[in-house]
Structures are given as structure tokens and as C-alpha cells.
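First the structure, in the form of C-alpha cells, and then the observations on it.
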Amino acid sequence: MERGEEEMIESAEKAKQDPIYLNALKDLIYQLADDDFIISFRGSEWLGLAPHIEEDVAFSSITQNTMGHALMFYNLLEELGEPEADQLAHERQSNVRKNAIYFEKKNGEGHYTEEPYYDWALTVVRNFLYETFKKVKLEAITKSSYQPLANVAGKVLMEQPYHLAHWKIWFNQLYHSTDEAHERLQARLLEASEEIGDVYELGHHATEMEHFELMISEGTLRERWLNEVSKTIQEFPSIDIGKKFGSGREGDHTPDLNQALEILSEVYESDKDAVW
Amino acid sequence: MYHYIEYGSSESPHEDQEKYERFMERIEAGEKIEADDWMPDDYRQSLIKLISMHGISEIMGALPEKEWVPKAPTLKRKLGIMAKVQDEMGHGQLLLRVAEDLMKPYGKTRKDLIENLLKGDLKFHNVFHMPTRTWADAGMVGWLVDGAAIISQTNMLDASYGPYQRALQRICQEEVFHAQHGEAIIMALAEGTEHQRDILQESLNRWWPSLLMFFGPSTADTTGTSKQDIMIKYKIRKSNNEELRQAFLDKYLPRVFSLGLTVPDETVHYDEEKGQWVYQQPDWNEFKQIIKNNGPRSKERLRLREIAYKNNCWVREALSKEAVGS
Ligand SMILES: [Fe+2]
Ligand SMILES: [Fe+2]
């Protein structure tokens, strides 16, 4: 498919006509859907355990929005001929999931029903980094050549500023408070920098995504993200960013993702004929 | 609704007979008492007990359902149950604020409430000491536990204490959605596969005694204490425990039977002459043990709250420092 500057693909039917375009598009949507899904799963484990009751209510509301976003992205995939949303969320093995690895990391020690020594510093740092990233990625996608995706990105961006603001407040409050809070956040930031390097990668279809104007390049995405982060944490971009556990965009994952999948699909898997 | 659980003493002489008489006139006239109004000590103390138990039960009540949030079988159910549990936390927040205002003259705060809970002095509702073993339990809590809560909360919708009454108005509106949420899960199971119907019936069998216990014993001689009379005298609630239980059975037993479900009590029937349901009493000794935090999951649930409280101590410290510093 040769596309001119301004050519838009308005429908799933049209996107399906070019397999190269279609595969790049699907891969991009999987990244968005899987990021939102795993982040909201980790958020759902926190329910009832947040530092105070008010935060439990606020965090849960963000988590629901985020899971709602995952659902919208899975629905786009369904329209493109992939299996239905619940199958995509519950049945796929870890090696075909496309979320960045840092987002699957466990919330801390323990299990959500037993001895959950979850770390609020990890949650604040991770969600802050995630929401800044989501903002720049979705902003780029509002100009994507695939119109239905650009539309969903626009819709998600209407809710997303509240999420980013929430975690920014948390980050700033804790970072500029007690020594202990500062150190805890600092340690989690350092850890993030070692692991999060796959977040701005676009995976196997990066070239096609750029060629078809589905997405900006990895380099630009990285630059915009670090710029956004530096508005809150000046020193972050100067830290070397690594990807200790590989690239989730290419299907590399840690046992933490399997732990999550086991929990989230337990009932779904218990009776495959059932309508729940 | 958590009227039958007592801690501390509430007896103190009425400060001022004249003020007391004026207060009772207002109560009799159906006026609402506000946080800053004069009130007799036993009224204040009864309210603190009632509302802090109600509030903390909402928060403890989030825990059994929460076990099924990450496991909910579809994306829509995951969203639905998360929203429902969030509401319950919100109810807790709302009620604890009402209780906090009442506690001000005693110099007590939310910290005291949480610490009393962890010490075992502040009790939470019997149903939330029970395990949730299957997804059907997630539905059962929404359908029948929230259904029972609706019965007892609507009974206090006209409560004489204004801040509590207004909180209940809002809570009851949300409870309607909870019951629908629970019923939708139950309907899917009832119309589902054999496995689904099995876990549904098994769940109801297990929850039945707890549901009967929900409203508390009929009379004080069953467990030794009862706050029913004072609650009715001060127009906080209208009906007694047995009346509430009968209202619950009236509303839900026909629905239970119409879904083809049974309850684990062969004697259960409606006595036309007396105009009430006849049922086998649950084991009230077990009930006493449960609300003393000796129920099947009491320790584990309290442990979760304790970990959440202690593990996040550094966060609260950082927040309070930030508030002072800025
Ligand atoms: Fe509630
Ligand atoms: Fe409820």
C-alpha cells in the first residue's frame, strides 16, 4: 500500500486490505491494550490496601478508567479480526503479550490476599512514569493514519490528565518530604531506569509503523517522554536507561507476568463453556 | 445496623434535665439533630458505636469481595466489581467522617478508630468474617449481603441524627446498584453450566446462617446485650432485629426459590396465621465467637488491615510532614 501524506484509513475493512499495514497496526494496539491491562491489574491488587481510605477510592477510580481503556483497545483489535476482548485479555500466553516489562512487576512482597507488603513508592514511581509515557504516546497516536485508533486515543486523553495529575502530586509530595520518603522514591526511580528501557520501543514492526504514519519513531517517542518526565524529575533523563529483562514489545517477559495471568484468568479458565 | 455489638460503657447521668427534655421534644417532633447541637451523652455514644461500626464494616467488607476483583471472569465483571468495592470504601469514608465529628468532644480521631479495630475493641459485622471461596460468593455478597444491608439501612433512612441520615440517603442510592450488580452475577450463574449452578447452591448453603445472623438476635437474652431499645427510643431506627429479618426473608426467599435454589433448612416455611417466616435459629454461640474476632477469617482480614496500616506508615508520616512544611 502506498500512502500519500494525508491518506487516512477510516475503517477496519480498509485496514485489512494490506497485511503489512494490518500487522503493524495490530502490534501497536496490542502494546497499548496490554500496557493498560497489566497496569490496571496491578492497581486492582491494591484495592483496600492503599495508605488511606481516600486514596483507595481515588486509586480505584483511576484503575477502573485504565481497565476501561484496555477494553477499548481490545475492542479495536476485535474489529480487526482478532479474537474477542475477553479472550485477548484472559487467554493469551505471556510470550505474545506486548506490555513493557516494568509494568508487570509485582507490587512488592507477598500476595494480595496474604501478607501483602506492597510498596507505595514503587506504585507512585511506576504510575507516574506510566502516565507521562501514556500521554506522549497517545498524543502522537491522535495523528495516526488509522482513524478509529486516533479517535480512541483522543477519548482516552480526555480522562488521562487527571491520572497524570494524581500521580504527579503523589510524587512531588513524597519526594520533597521526609528523608525516608525521598530515599524510597529515589531507589525506585533508579530501579525503574534499569528496567523500563523497552517502554518506548515499538517492537518488530517499528519501521512499518513509522512508514505508514501509524506512529512517530522510537527516537522521537523517547525524547518526548523524557522531556515530559523532566518537568517533574529534572535528573531522570540523565540517568542511563536500561532494559534489564529484555523487551516486552518483542514478547520477553518475567515470571511476574505469569503470576498475574494465573490470578486474573483463574475463574475464566475454570469453565470455558460458561457465560459469566 | 451494627447495633448489637457493644464496647465500653455508655451510662452517664443526663447533664441537664431541661436540655434533655428539650432534646426529647425535638426527637419526638421528628426534628434532625446536627453535629453541633446539644445531645445527651448516651445518644452521642450510641451513635459513635453505631456509625463507627457501620463505617469500619464497610471498609472490612471490602476485603472479602476484593479477593475476587483481580479474578473476576470478564473485563466487564472486573470493572463492575471494582466499582462496587470502591463504593463500599467510599461508604466507609463517608461514615467515618460522621463518626469523627461525633468523637471530637472526646479528643478522638480516625487513628483511634483504626487502632481500636486492630486491638479488637471496635467490632465489624459478622458477615465480613466469612470466607469467599468461589466467584459465586462474590455474587452472593452483592445480592444477599447487600440486600440485607439495604433492609437495615433503609430502616434508618429517617434517623434522628442529621449527618448520619444524609449519609444513609446517599449510601442507599448506591446500594440499589450493588444489589443489581450482585443479582446479575447470580442470574448468569443460575442460568449457566452445571458447574456454575453447583457453585451457586454451595455458596448459598454456606452463607445462609450468616445471613440469618446478619440482623442480630431477636432479644437480649440470646447474646446478653442489645441496643435495640435505645435505638428505637431515640428514633435512630424503627424496627427491631426480628422485624428486619422477617422483611429480608419476605423479600428474598421467594426469589431464592424461583431461581430453583434451596436453603439448608428443611423447616423453613411461611406461617400464614402468624404472618411470618418460621426458620431454624442459627447458632448464636457461634455468632458471639464470630463478632469477637474468632470467626473463620477474622484474623486474616484484620491482618490485612494491619499490614496496610503499618506498611504505609512512612507514607502518612511523609504526608503530615509535608502538610506542616508547606
Ligand atoms: Fe455499602
Ligand atoms: Fe453495598
Side-chain angles (χ1 to χ4, degrees), chain A residues 37 40-45 47-57 59-61 63-64 67-68 70-71 74 85-86 89-90 108 110 112-121 124 170 172-174 176-178 180-182 184 260 263-271 273-276, chain B residues 55 59-60 62-63 65-83 85-90 92-93 96 110 114 134-135 138 185 188-189 191-196 199 300 303-305 307-309 311-323 325-326:
Chain A
F37 185 58
S40 57
F41 170 77
R42 290 296 176 211
S44 76
E45 287 185 305
L47 193 49
L49 303 170
H52 49 69
I53 300 164
E54 283 74 6
E55 177 58 21
D56 248 318
V57 175
F59 188 9
S60 168
S61 149
T63 301
Q64 288 162 59
M67 193 167 286
L71 177 57
Y74 285 133
D86 276 318
H90 296 92
Y112 76 94
T113 59
E114 230 166 285
E115 303 294 297
Y117 284 95
Y118 285 179
D119 183 19
W120 193 243
V124 169
W170 264 112
N172 280 325
Q173 277 184 329
L174 296 180
H176 304 291
S177 182
T178 58
E180 184 184 4
H182 185 83
R184 280 173 182 266
I263 293 172
L264 67 88
S265 63
E266 183 188 304
V267 182
Y268 180 92
E269 291 289 340
S270 71
D271 188 344
D273 303 321
V275 175
W276 298 98
Chain B
I59 284 162
M60 295 306 286
L63 296 176
E65 268 182 300
K66 177 258 162 92
E67 292 180 18
W68 293 91
V69 169
K71 296 180 178 178
T74 68
L75 287 161
K76 292 216 170 95
R77 292 273 183 245
K78 281 181 165 75
L79 285 168
I81 191 168
M82 218 187 308
V85 176
Q86 181 198 351
D87 279 354
E88 304 298 7
M89 297 296 293
Q93 178 187 329
L96 289 190
R110 189 185 297 184
I114 303 287
T134 66
W135 172 246
I185 295 175
L189 296 175
E191 292 164 2
T193 64
E194 206 180 320
H195 165 72
Q196 286 175 301
I199 59 172
E300 290 81 354
R303 177 86 184 125
L304 283 184
R305 276 257 65 88
I307 291 175
Y309 187 66
N311 191 38
N312 289 318
C313 188
W314 69 272
V315 181
R316 285 188 307 275
E317 250 167 48
L319 291 181
S320 63
K321 191 199 163 199
E322 204 257 356
S326 59

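Naming convention: chains lettered A, B, ... in sequence-line order (proteins, then strands); numbering from 1 in each chain.
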Handout entry: Spatial distance of atom CD1 (B/Ile81) from atom CD (A/Gln64) [nearest 0.5 Å]
Key = 11.0 Å
Exercise for the section: Grab the two heavy atoms, one from B/Pro70 and one from A/Phe41, that are nearest each other, plus how far apart they are. Expected result: CB-CE1, 3.5 Å
Practice task
Name the member of B/Glu88, B/Met82, B/Arg316 that forms the most heavy-atom pairs with chain A at distances under 4.5 Å.
Solution key: B/Met82
Practice task
Supply the atom-to-atom distance A/Trp120 CH2 to B/Asn312 CG, rounded to the nearest 0.5 angstrom.
Solution key: 7.5 Å
Problem - Exam field: side chain A/Glu115 to backbone B/Ile307, donor-acceptor pair closer than 3.5 Å - result: no
Completion exercise
Smallest heavy-atom separation, A/Ser61 atom then B/Gln86 atom, equals CB-NE2, 3.5 Å
Exercise for the section: Using distance alone, with no hydrogens and no angle criterion, decide if B/Thr193 and A/Asp273 have a side-chain donor and acceptor under 3.5 Å apart. Expected result: no
Problem - Separation between CG of A/Asp271 and CG of B/Leu189, rounded to the nearest 0.5 Å - result: 10.0 Å
Practice task
Grab the two heavy atoms, one from A/Gly48 and one from B/Arg305, that are nearest each other, plus how far apart they are.
Solution key: O-NH1, 3.1 Å
Handout entry: A/Phe59 portion near chain B, given a 4.5 angstrom heavy-atom threshold
Key = neither
Exercise for the section: For B/Lys71 and A/Val267, indicate whether the former's side chain and the latter's backbone hold a donor-acceptor pair under 3.5 Å. Expected result: no
Handout entry: Heavy-atom proximity to chain A below 4.5 Å, by part of B/Ile59
Key = side chain
Problem - Lys/Arg N to Asp/Glu carboxylate O, B/Arg303 vs A/Glu114, below 4.0 Å - result: no
Practice task
Measure the spacing between CG of B/Leu63 and OG1 of A/Thr113 and express it to the nearest 0.5 Å.
Solution key: 10.5 Å
Problem - Part of B/Ala83 within contact of chain A (heavy atom distance under 4.5 Å) - result: both
Problem - Which atoms of A/Ala89 approach chain B - backbone, side chain, both or neither, heavy atom under 4.5 Å - result: side chain
Problem - Heavy-atom proximity to chain A below 4.5 Å, by part of B/Leu96 - result: side chain
Exercise for the section: Kindly compute the distance separating OH (A/Tyr112) from NZ (B/Lys66), expressed to the nearest 0.5 Å. Expected result: 7.5 Å
Handout entry: Under 4.5 Å from any heavy atom of chain B - which part of A/Ser270
Key = both
Practice task
Check A/His90 against B/Leu75 and note the closest heavy-atom contact, atom names and distance.
Solution key: CE1-N, 3.9 Å
Completion exercise
Between B/Ala318 and A/Ser177, the two heavy atoms sitting closest are O-OG, 2.6 Å
Practice task
Please determine if B/Arg110 and A/Glu54 form a salt bridge, counting it only when a charged side-chain N lies under 4.0 Å from a carboxylate O.
Solution key: yes
Practice task
Go through A/Gly108, A/Gly110, A/Ala181 and name the one with the most non-hydrogen pairs under 4.5 angstrom from chain B.
Solution key: A/Ala181
Problem - Point-to-point distance, once rounded to the nearest 0.5 Å, from CE of B/Met89 to CG of A/Asp56 - result: 3.5 Å
Practice task
Give the minimum heavy-atom separation between A/Tyr118 and B/Asn311, together with the two atoms involved.
Solution key: O-ND2, 2.7 Å
Exercise for the section: Go through B/Arg77, B/Glu191, B/Met60, B/Lys78 and name the one with the most non-hydrogen pairs under 4.5 angstrom from chain A. Expected result: B/Lys78
